[in-house]
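For ligands, and for the atoms within them, numbers begin at 1 and follow the listed sequence. Please read these numbers as outputs of a predicted model, since none were measured by experiment.
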Amino acid sequence: MPSNAGPAQDDKHAAPPLPAPLAVPVADSHTHLDMQSGTVEEGLAKAASVGVTTVVQVGCDLAGSRWAAETAAAHDGVHAAVALHPNEAPRIVHGDPDGWSRQGARVAGGDAALDDALAEIDRLAALAQVKGVGETGLDYFRTGPEGKEAQERSFRAHIEIAKRHGKALVIHDRDAHADVLRVLKEEGAPERTVFHCYSGDADMAEICAREGYYMSFAGNVTFKNAQNLRDALAVAPAELILVETDAPFLTPAPYRGRPNAPYLIPVTVRAMAAVRGTDEDTLATALAANTARAFGY
Ligand SMILES: [Zn+2]
Ligand SMILES: [Zn+2]
């Protein structure tokens with residue numbers, strides 16, 4: 001379905017309208033173009049028209065990671081991150097038909113299948129246009145106790161891959177703060193580590209700040225019930241803050257529930273500027289510099 005063919009704007013499923021452009025261009029530090037409607041070119045052009053000139057395209061499984069690398073090679077404004085998502089690793093070991101990519105079903109493959117998949121991620125991580133290894137980490141919300149072992153083994157392997165290739169590590173942490181921080185400590189975090197869709201509170205933000213971890217805020221920082229995220233954003237050091245869409249998920253208010261895409265980054269940037277009591281251009285300047293430094297482009 002073309003993204004511009006939606007029904008009227010008051011339809012709660014329609015794409016939200018274009019926000020006013022940012023004067024200072026920024027990057028969407030984490031997006032999934034392969035899960036959004038319309039072509040890549042349309043999505044990038046729409047984003048660039050409001051000052052979102054760079055995106056980090058994140059792979060969640062092998063097919064998605066290969067696609068991220070190909071897409072980054074084909075477009076100047078796109079960088080890639082490659083990984084097996086924390087919910088993907090247990091699926092590879094135990095099997096689950098509900099995969100991430102459009103390629104569909106897979107069969108249970110045991111530990112050897114996970115090793116094979118990690119070897120392919122390792123190969124992709126060596127490519128110049130691949131700037132990050134992730135999203136990896138721990139997700140105790142979607143994966144039950146039976147998947148914990150595979151998830152942690154995969155997380156540790158991704159940390160090692162990121163360090164060996166000198167790439168940024170992109171962390172997915174859902175309901176697993178303490179264990180994510182523990183594993184990072186045990187393995188030794190890469191020089192550049194990004195908590196994507198930062199979901200901790202202000203206390204955890206102080207820990208991240210001490211460790212030099214980047215905190216990337218998504219549209220949920222605008223949600224009414226997310227005061228803990230705004231408290232974290234308020235205390236996070238200016239040089240460690242990033243912004244992302246995680247599109248098609250987490251559409252910022254007032255468009256919650258409608259399809260998200262990189263062109264909506266200005267909505268989140270403005271909400272973040274209000275939380276930090278800073279002006280939009282100052283924040284955008286910092287966000288642009290931080291994302292380039294975090295991903296090394
Ligand atoms: Zn995630
Ligand atoms: Zn994501």
Total protein N/O/S atoms whose distance from the Zn ion (ligand 2) is less than 2.8 Å:
4
May I have the step-by-step check of side-chain contact (heavy atoms from CB on, under 4.5 Å) for I241 and M272, ending in yes or no?
CA-CA 10 Å; I241 297 170; M272 289 170 67; 3.5 Å; yes
T193 and I171 have their tightest heavy-atom pair at CG2-CG1, 3.9 Å
Salt bridge check: are D111 and R153 linked by an N-O gap of less than 4.0 Å?
yes
side-chain contact (heavy atoms from CB on, under 4.5 Å) evaluation trace for T268 with T245
CA-CA 8 Å; T268 303; T245 56; over 6 Å; no
Check step by step if salt bridge (charged side-chain N to carboxylate O under 4.0 Å, His left out) holds for E152 and K148.
CA-CA 6 Å; E152 187 166 320; K148 263 191 175 180; over 6 Å; no
Consider salt bridge (charged side-chain N to carboxylate O under 4.0 Å, His left out). Of K163, R164, R156, which one does E160 pass it with?
R164
